K.L.:
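Once you've had a glance at the structure underneath, I'll fire off some questions.
Every chain is numbered from 1, with letters handed out A, B, ... down the list of sequences. Keep in mind it's a predicted model, so treat the numbers as computed, not measured.
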There are 2 protein chains.
Amino acid sequence: MATDELDDEITTLLHQEDQRYTKGRRALVATLRAEGQPVTIPQILDASDGLAQSSVYRNLVVLEEAGVVTRIVTNDDFARYELAEQFTHHHHHLICSSCGDVIDFSLDDQAEAGLDEALNEIAEQVGFTVEAHRLDLVGTCADCD
Amino acid sequence: MATDELDDEITTLLHQEDQRYTKGRRALVATLRAEGQPVTIPQILDASDGLAQSSVYRNLVVLEEAGVVTRIVTNDDFARYELAEQFTHHHHHLICSSCGDVIDFSLDDQAEAGLDEALNEIAEQVGFTVEAHRLDLVGTCADCD
DNA sequence: AATCAGAATGAGAATTGTTTTCAACAGCTA
DNA sequence: TAGCTGTTGAAAACAATTCTCATTCTGATT
C-alpha cells in the first residue's frame, strides 16, 4: 500500500475516535511499517529515536483502539505490535519459545478457508460472536535450533 | 483420568525435574482439575483457601516447567492456567474480549488434521521446530452479548 | 525413631512492564 | 493573536509477578 493511501486511511480511522494523526503517531506507524514484523516497545524506542516511552505506550493504545495496529501478547516479557491486518494481510505467528521472537506466516487459501468454516461452526454452537481468530505456532526458530 | 493415575504421572514428571509433588502443588492440581477451565491466580486463591499467593505463583511455574499445566496469556490482566493437554485433550480457546473469560473448545478431527498438515508444511519451509500450535477465537461470549 | 541436608513455604519486599499524572506545548478556529 | 482542546514528556504511580529469607517440612540415612 502506498504511504499516502495508508496515511489517509489511518487519518480516517483516528478521526472516527476523535484522535489526531500526530507526528509521534506517524513515526510509530512508519517504524512498524519499516520493521514488517511484530516489534516490542524497546525495539521501537531503539529504532526510532526521539520518541518518549510514555507517548509510545499511550499512542500504541490509541492506535490499537482505532484498529490501526494489533497488540500481540506472548509469554515473553514485552508485548509486541504490528500494523493491523487491514493494512497488511491476514496472517499468523510463529513464536519462538527460546528467544521470544515472533515471525509472520500465512496459510494457503484452502487451509485458511477450511479453518474458517470449522471455527464459524463452533462459534455458532456456543453462541460466541467471532471478532478474529488467532493461530500461533509455538516452537524453536531456525536461529535458536 | 482417575485421580491416582493422574497423581502418579504428575509425580513422575516432577521427579524428572527434581521436584516434589507437595501438598500445595496437589492442591493446585486439584483446583485446576475441579475448575475444568482456564483460571486466573486470583480465582485459584479464592477457590482454594490456605494457599499463599507467592507459593501459587512459584508452584505454577514449577508445574509448567514440568509440563503439568499450561499458561495462557491473553490481553487480560491476569495469566490463566489449566491442566496440560496430556491430562485432558487437545483443545483451543474462545477468548471473550469483553469479560476476559476463556472457554475451551475442540475442532472436529478432520479440521484438526487438515490444520496440522498445513502447519507442518509451513514450519518445515521456514526451519521452525514446532512444539505446539495454539488456536484462539477472539470475540464476545454469550453472556456478554 | 532421631538427625540432618536440602527443598518448599509464607509474608512481605522488590522488580518491572505498563499506565497515569500534570505542567508545558502544539494545532486548530475565530 | 487569543483561546480552547488534544498531545507530549518526565517522572511518579500502579499492579502482576518474582524474589528474599527465615522458618518449616521431607525424606533419606543412620
K.L.:
Grab the CG-P distance between A:Leu60 and D:dT7 for me, whole Å please.
P.N.:
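The answer, rounded to whole Å, is 15 Å.
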K.L.:
Please check the phosphate of C:dA8 (OP1 and OP2 only) for any side-chain N or O of B:Gln19 closer than 4.0 Å.
P.N.:
yes
K.L.:
Name the closest nucleotide to the B:Asp77 side chain, picking from D:dA16, C:dT18, D:dT8.
P.N.:
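Nearest listed nucleotide: D:dA16.
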K.L.:
Taking CZ from A:Phe78 and C1' from D:dA16, how many angstroms apart are they, rounded to a whole number?
P.N.:
15 Å
K.L.:
The criterion is side chain to side chain donor-acceptor pair (under 3.5 Å); which residues satisfy it with A:Ser97, sequence neighbours excluded?
P.N.:
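Applying side chain to side chain donor-acceptor pair (under 3.5 Å) to A:Ser97 gives B:Glu131.
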K.L.:
From CG of A:Leu45 over to C1' of C:dG17, roughly how many Å is that when rounded to an integer?
P.N.:
12 Å
K.L.:
Test of understanding: clusters of I, L, V, M, F, W, Y form through side-chain heavy atoms closer than 4.5 Å, transitively. Do A:Ile103 and A:Leu83 belong to the same one?
P.N.:
no
K.L.:
From the options C:dT18, C:dT9, D:dT7, select the nucleotide whose nearest atom is closest to the side chain of B:Asn59.
P.N.:
C:dT9
K.L.:
Any ring pair (Phe, Tyr, Trp, His ring centres under 6.0 Å) involving residues 116-145 of chain B? Give me the pairs, sequence neighbours left out, ordered by first then second residue.
P.N.:
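For residues 116-145 of chain B: B:His90-B:His133, B:His92-B:His133.
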K.L.:
Here's a test for you: under side chain to side chain contact (heavy atoms under 4.5 Å, CB included), which of B:Ile41, B:Ile72, B:Thr31, B:Val68 qualifies with B:Tyr81?
P.N.:
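With B:Tyr81 as partner, side chain to side chain contact (heavy atoms under 4.5 Å, CB included) holds for just one option, B:Ile41.
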K.L.:
If you assign A:Arg25 and B:Pro42 each to the DNA chain D nucleotide with the nearest heavy atom, which residue ends up on the more 5' nucleotide?
P.N.:
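Looking at DNA chain D, the more 5' nearest nucleotide goes with A:Arg25.
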K.L.:
What integer distance in Å separates B:Ile44:CD1 from D:dA16:C1'?
P.N.:
14 Å
K.L.:
Between atom CD1 in A:Ile41 and atom P in C:dT16, what is the gap in whole Å?
P.N.:
17 Å
K.L.:
For A:Arg80 and C:dG17, what is the distance between atoms CZ and C1' respectively, to the nearest whole Å?
P.N.:
13 Å
K.L.:
Tell me the interatomic distance from A:Lys23, atom NZ, to D:dT8, atom P, rounded to whole angstroms.
P.N.:
11 Å
K.L.:
Using whole Å, what does the distance between atom C1' of nucleotide D:dC25 and atom CZ of B:Arg26 come to?
P.N.:
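Value for this atom pair: 14 Å.
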K.L.:
Give each protein N/O atom lying under 3.5 Å from an N/O atom of nucleotides 19-26 of chain C, with the pair distance.
P.N.:
{"residue": "C:dT21", "atom": "O4", "partner": "A:Arg58", "partner atom": "NH1", "Å": "3.3"}

K.L.:
Start with the C-alpha gap between B:Leu94 and B:Asp101, add the side-chain angles, then the distance that decides, and say whether side chain to side chain contact (heavy atoms under 4.5 Å, CB included) holds.
P.N.:
CA-CA 8 Å; B:Leu94 295 163; B:Asp101 210 26; over 6 Å; no
K.L.:
Under a 3.5 Å distance rule, please check whether A:Gln37 uses its side chain to pair with a backbone N or O of A:Asp104 as donor and acceptor.
P.N.:
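The answer is yes, because a donor-acceptor pair under 3.5 Å joins these two groups.
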K.L.:
Between the main-chain N or O of B:Ala66 and the side-chain N or O of B:Gln16, is there a donor-acceptor pair closer than 3.5 Å?
P.N.:
no
